[in-house]
Amino acid sequence: MIQHKQLENGFEYIEISNEASQAKIALQGAHIFEYKRKGEEDILWLSETSDFEKGKAIRGGVPLCWPSFGMNNPDLPQHGFARLGMWKVARSQETDSKTTQLVLELNETPESLKLWPYRFHLELRIRVSDTLCMELTTTNTDEREFKITQALHSYFLVSDISDAAVKGLDAKPYFDALSAQTCVQKGDVVFMEEVDRVYQDVKEALFLSDKNRVIKIQNEGSSSVVVWNPWIEKCSRMSGMKEDAYLGMVCIESANAYGDFKILKPRASHTLKALIS
Ligand code: TA6
């Protein structure tokens with residue numbers, strides 16, 4: 001079932017339900033804010049105190065950072081503008097009883113052109129099944145080339161941050177956004193303090209292991225992965241986040257960030273894909 005719903009304040013979202021899974025996707029930002037397999041716990045973390053209103057990013061789920069990750073382009077707002085844009089449903093399909101597909105699209109607007117002077121076509125293809133597949137395709141519809149950095153900024157639910165570990169990054173170089181140093185990962189990534197790192201040269205699948213489950217993340221079209229947990233002090237300052245929220249979440253972001261930027265010539269496309277299983 002694919003239902004178009006709205007909250008009392010007019011905030012619109014699509015609710016998907018099939019025999020294998022369910023998901024909710026806000027039209028603002030094409031923001032997936034719920035995904036779970038039937039009868040199981042949520043895969044994505046969503047803040048209990050998140051805003052659901054026009055002009056404010058949902059805290060949790062999968063915000064789309066585009067056309068700039070973080071402050072990679074200092075002329076743009078943090079994480080770009082696509083997460084606050086009003087996307088349109090381009091297509092939807094119930095492929096079989098366990099699989100639903102939804103395609104959302106965003107084009108330039110007079111406001112986006114003021115921030116970033118390029119015409120573009122963005123498409124997010126979402127496949128909701130016993131796995132969650134997200135494919136973000138950027139097409140340059142301008143006459144000049146442009147440069148993007150981006151991320152599928154996925155927030156994952158963990159039972160307790162002290163039991164969480166990210167596997168698959170051993171020996172990978174990373175840029176530590178907190179110290180501005182480049183380091184090399186030793187073993188699994190575990191969380192005992194604030195972590196904000198951009199791993200490089202990542203082609204292999206990653207695994208988020210927790211007390212009760214393991215989530216696999218396989219990216220394509222990307223060689224950078226951001227791992228983030230705000231920990232105590234930053235969490236208390238973050239919008240839409242309770243003080244102790246850092247205990248139950250970790251972000252593993254499929255990215256084209258920092259040196260892994262993409263330059264697109266007119267009519268060229270690039271797809272960033274993440275498969276979560
Ligand atoms: O991806 C990690 C990060 O860039 C952190 O530095 C962090 O503050 C964050 O994303 C959340 O950003 P936001 O703009 O959503 O508050």
Side-chain angles (χ1 to χ4, degrees), residues 26 28-33 44-85 115-116 134 136 148-158 161 164 166 169 172-183 185 189-191 193-200 202 206 208 217 219 222-261 272 274 276:
Q28 175 172 283
H31 194 138
I32 304 172
F33 61 94
L44 300 175
W45 177 84
L46 174 65
S47 172
E48 291 167 43
T49 53
S50 177
D51 292 307
F52 283 88
E53 58 183 271
K54 201 164 185 266
K56 291 195 177 168
I58 296 170
R59 178 67 67 197
V62 188
L64 300 181
C65 306
W66 191 97
S68 172
F69 172 78
M71 292 304 292
N72 279 191
N73 179 343
D75 298 334
L76 289 174
Q78 151 101 341
H79 291 325
F81 52 79
R83 64 176 171 169
L84 295 180
L115 285 169
W116 194 65
M134 300 173 277
L136 179 63
I148 56 164
T149 51
Q150 59 180 347
L152 301 161
H153 192 306
S154 309
Y155 286 76
F156 292 97
L157 178 72
V158 294
I161 193 67
V166 183
L169 292 169
K172 296 291 180 194
Y174 68 85
F175 173 71
D176 186 337
L178 303 172
S179 64
Q181 308 267 321
T182 299
C183 313
Q185 180 63 37
V189 185
V190 291
F191 302 88
E193 58 188 342
E194 184 178 355
V195 169
D196 194 347
R197 301 176 184 167
V198 187
Y199 287 87
Q200 294 146 24
V202 185
L206 303 179
L208 171 59
I217 303 142
N219 301 325
S222 145
S223 63
S224 46
V225 167
V226 182
V227 178
W228 177 59
N229 181 288
W231 212 249
I232 302 167
E233 206 270 318
K234 188 165 188 184
C235 188
S236 67
R237 287 189 278 118
M238 303 277 308
S239 61
M241 240 174 152
K242 273 174 69 184
E243 275 205 348
D244 61 353
Y246 73 95
L247 291 168
M249 52 72 60
V250 61
C251 285
I252 303 176
E253 308 165 31
S254 315
N256 293 114
Y258 291 82
D260 184 27
F261 58 81
L272 169 64
I276 295 170

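Scope of the values below: all heavy atoms of this structure, side chains included, with no hydrogens, waters or symmetry mates. In listed order, ligands and their atoms are each counted from 1. The model shown is predicted, which means the values in this text are computed figures rather than measured ones.
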Mind telling me whether Tyr199 and Tyr174 have parallel, tilted or perpendicular rings, with 30° and 60° as the class edges?
-> tilted
Report the residues that fulfil side-chain contact (heavy atoms from CB on, under 4.5 Å) with Glu243, sequence neighbours left out, ordered by chain and then residue number.
-> Ser236
Relative to the ring of Phe69, is the ring of His79 parallel (under 30°), tilted (30 to 60°) or perpendicular (over 60°)?
-> tilted
Applying salt bridge (charged side-chain N to carboxylate O under 4.0 Å, His left out), name anything that partners Lys242, two or more places apart in sequence or on another chain.
-> Glu48
The reported gap from CG in Leu136 to SG in Cys65 (rounded to nearest 0.5 angstrom) is 10.0 Å
Applying side-chain contact (heavy atoms from CB on, under 4.5 Å), name anything that partners Thr182, two or more places apart in sequence or on another chain.
-> Phe175
Note down each nitrogen or oxygen pair, ligand 1 side and protein side, whose separation is under 3.5 Å; give only atom names and the distance to 0.1 Å.
residue  : atom   : partner : partner atom : Å
ligand 1 : 1 (O)  : His153  : NE2          : 3.1
ligand 1 : 1 (O)  : Glu253  : OE1          : 2.9
ligand 1 : 1 (O)  : Glu253  : OE2          : 2.8
ligand 1 : 4 (O)  : His79   : NE2          : 3.3
ligand 1 : 6 (O)  : Asp196  : OD2          : 2.6
ligand 1 : 8 (O)  : Lys234  : NZ           : 2.9
ligand 1 : 10 (O) : His79   : NE2          : 3.0
ligand 1 : 10 (O) : His153  : NE2          : 3.0
ligand 1 : 12 (O) : Gln78   : NE2          : 3.2
ligand 1 : 12 (O) : His79   : NE2          : 3.4
ligand 1 : 14 (O) : Gln78   : NE2          : 3.1
ligand 1 : 14 (O) : Arg83   : NH2          : 2.9
ligand 1 : 15 (O) : Arg59   : NH1          : 3.1
ligand 1 : 15 (O) : Arg83   : NH1          : 2.9
ligand 1 : 16 (O) : Arg59   : NH1          : 3.3
ligand 1 : 16 (O) : Arg59   : NH2          : 3.0

